2 protein chains.
Amino acid sequence: MDAQQLPAADEPAEEGDGPRHGATVVFIVERLRDAIVSGRLKLGARLVEGELTAQFGVSRGPVREALRRLAADGLIELVPHRGAIVRRLTRREIAELFQIRLELEALAARLAAENGDAARRRQFAEAIAPIFESKPRCIAEYLWENATFHEAVYALADNEQLKVLAGRLQLPLIMAQVGNILTPEILDLSVTEHRAIAAAILDSDPAGARAAMCAHLQRAADVADAQRRADVR
Amino acid sequence: MDAQQLPAADEPAEEGDGPRHGATVVFIVERLRDAIVSGRLKLGARLVEGELTAQFGVSRGPVREALRRLAADGLIELVPHRGAIVRRLTRREIAELFQIRLELEALAARLAAENGDAARRRQFAEAIAPIFESKPRCIAEYLWENATFHEAVYALADNEQLKVLAGRLQLPLIMAQVGNILTPEILDLSVTEHRAIAAAILDSDPAGARAAMCAHLQRAADVADAQRRADVR
DNA sequence: TTCCGAACATTGTAGGACAATATCAGAGCG
DNA sequence: CGCTCTGATATTGTCCTACAATGTTCGGAA
């Protein structure tokens with residue numbers, strides 16, 4: 001692995017890159033994750049503990065733990081006595097994850113629609129209000145709205161395990177790998193679908209909410225897969 | 001924490017408890033997991049790195065890693081500068097996990113029914129053949145059959161990510177905590193339901209397979225929750 | 001050419017040390 | 001008597017070095 005591929009290689013102890021006590025592991029994980037999803041670390045690249053310790057200016061302990069976490073997330077593969085290799089998701093894995101996510105979010109939408117807690121419903125309505133007010137003007141804004149919307153659904157679904165599990169589904173990674181091919185039309189369509197889902201939830205229509213969420217994610221999966229197919233690989 | 005609560009406390013370097021090189025972490029994880037689910041380590045008990053190193057006769061590195069893994073599984077909670085505390089699943093968490101498992105297995109059943117690969121279907125039929133041949137004579141046999149059946153469904157569903165995710169859902173732990181209140185009637189019912197699910201899958205009836213799996217797990221969840229409610233807590 | 005063994009690379013683990021931080025007991029004060 | 005603040009203590013977070021175990025590679029011999 002080239003030292004240049006990791007930005008921390010040059011000044012390991014300077015500027016603000018020295019994380020506070022207790023944040024070293026998180027620091028390394030974030031750097032490596034970013035390097036992987038951004039493509040700086042190519043598929044199959046080897047991550048050797050010794051090199052990482054030198055590049056980050058930390059000892060092997062945190063490096064090892066960071067590698068374990070990345071491996072748990074599926075970003076790298078730990079090969080005993082060989083080192084860790086970057087393991088980006090295959091098209092098939094992405095399709096499988098989308099399928100799972102679809103079921104989990106559909107469940108969340110159903111549960112949210114079934115939830116009768118008035119206070120939580122009010123919170124939900126407030127959280128998603130921005131979606132009804134305006135259309136996102138840029139991709140970043142859409143991504144924020146999207147995350148907010150799905151988080152609000154999970155919050156109303158009131159199933160903590162579901163929320164945690166969904167969070168571990170590497171959705172940001174998938175988004176990063178799928179690429180920012182989000183055209184304005186897709187954005188519009190997505191927001192429209194969000195509104196439909198929200199309406200069904202607020203109408204206490206579990207079946208409708210579930211169906212709307214399924215349709216939403218099925219379309220998103222199709223878009224992602226089409227993009228993925230277009231890539232040469 | 002009393003040293004007696006962990007069987008490894010007495011002879012840390014004797015008999016066969018010294019794991020081979022490369023298996024130390026797994027060794028510790030298994031010991032601790034067993035101690036937790038068996039109740040030897042009570043809820044809220046503190047797990048201090050220093051004590052564990054002494055009891056297992058290993059250094060802090062593997063102990064730390066083992067604790068991280070247990071925390072990832074939800075069995076313990078890591079409190080910074082406080083130590084790890086045993087965190088058994090609450091009734092609510094179990095209910096939430098059952099709900100998620102229901103959706104995931106329902107998805108698996110649907111996918112399995114949709115799978116048209118002749119070779120895989122044949123493998124599935126062979127794997128579940130014992131279920132049709134006889135009724136389990138004891139609980140252990142049932143548990144084995146149950147695991148075999150669900151594994152076969154996942155195999156036919158042909159979604160690797162789904163299989164992995166389901167495996168991380170702490171089902172064995174839940175079973176252990178729910179307790180072995182499996183009466184012969186429940187066993188019989190469960191086997192009957194397995195047969196119905198298998199029949200739907202082999203009939204290439206996705207909706208039927210999904211419905212049957214939902215019914216099966218919903219009933220299992222009800223049984224577990226009833227048992228759980230009976231416990232004083 | 002193929003197979004075998006030795007050097008090499010890399011991880012797995014040990015053990016000690018210090019820093020950072022949370023907890024707790026007790027002194028001092030109102 | 002109760003409250004706050006401070007110091008002692010406990011525990012984790014990190015670093016460092018060293019060695020053991022094991023997979024890899026490459027040269028040499030049959």
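These figures come from a predicted structure and were not determined experimentally.
Closest to the side chain of His81(A), out of dT11(D), dT13(C), dT10(C), is dT10(C). Side chain of His21(A), nearest nucleotide from dC15(D), dA19(C), dT13(C): dA19(C). Among dT10(C), dC15(D), dG13(D), the nucleotide with an atom closest to any side-chain atom of Pro62(A) is dC15(D).
In this structure, CZ of Arg68(A) is placed 8 Å from P of dT13(C), rounded to the nearest angstrom. As a whole-Å value, the separation of Ile76(B) CD1 from dT12(D) P is 11 Å. Between Glu49(B) atom CD and dT14(D) atom P there is a gap of 11 Å when expressed in whole angstrom units. Remark: P of dA10(D) and CD of Glu51(B) are 12 Å apart, rounded to the nearest angstrom. The distance between atom CG of Leu67(B) and atom C1' of dT11(D), rounded to the nearest whole Å, is 12 Å. Following rounding to the nearest Å, Glu65(A) (CD) and dC15(D) (P) show an atom-to-atom distance of 11 Å. Between the P atom of dA22(C) and the CZ atom of Arg20(A) lies a distance of 11 Å, rounded to the nearest Å. Regarding Leu52(B), its CG atom lies at a distance of 13 Å from the P atom of dA14(C), rounded to whole Å.
Val79(B) comes within contact range of no nucleotide atom at all, as no heavy-atom separation falls under 4.0 Å. Across all strands shown, Gly61(B) has no heavy atoms under 4.0 Å from either base or sugar-phosphate atoms.
Note that the CG atom of Leu102(A) and the CG atom of Leu107(A) stand 11.5 Å from one another [nearest 0.5 Å].
Side-chain contact between Leu43(A) and Ile85(A) is absent, with no heavy atoms from C-beta onward closer than 4.5 Å.
In this structure, Arg64(B) does not reach the dT13(C) phosphate: none of its side-chain N or O atoms is under 4.0 Å from OP1 or OP2. Between dT14(D) and Thr24(A), a contact under 4.0 Å exists linking OP1 or OP2 to a side-chain N or O.
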Intermediate values then yes/no, side-chain contact (heavy atoms from CB on, under 4.5 Å), Ile36(B) and Arg87(B): CA-CA 9 Å; Ile36(B) 292 173; Arg87(B) 178 189 165 285; over 6 Å; no
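Between Arg82(B) and Arg60(A), it is Arg60(A) whose nearest contact on DNA chain C lies nearer the 5' terminus. Both Ser59(A) and Pro80(A) lie near DNA chain D, and the one whose nearest nucleotide falls closer to the 5' end is Ser59(A).
In this structure, Phe124(B) and Phe149(B) have tilted ring planes: the angle between them lies in the 30° to 60° band. Ring planes of His150(A) and His194(A): perpendicular class, angle over 60° (limits at 30 and 60°).
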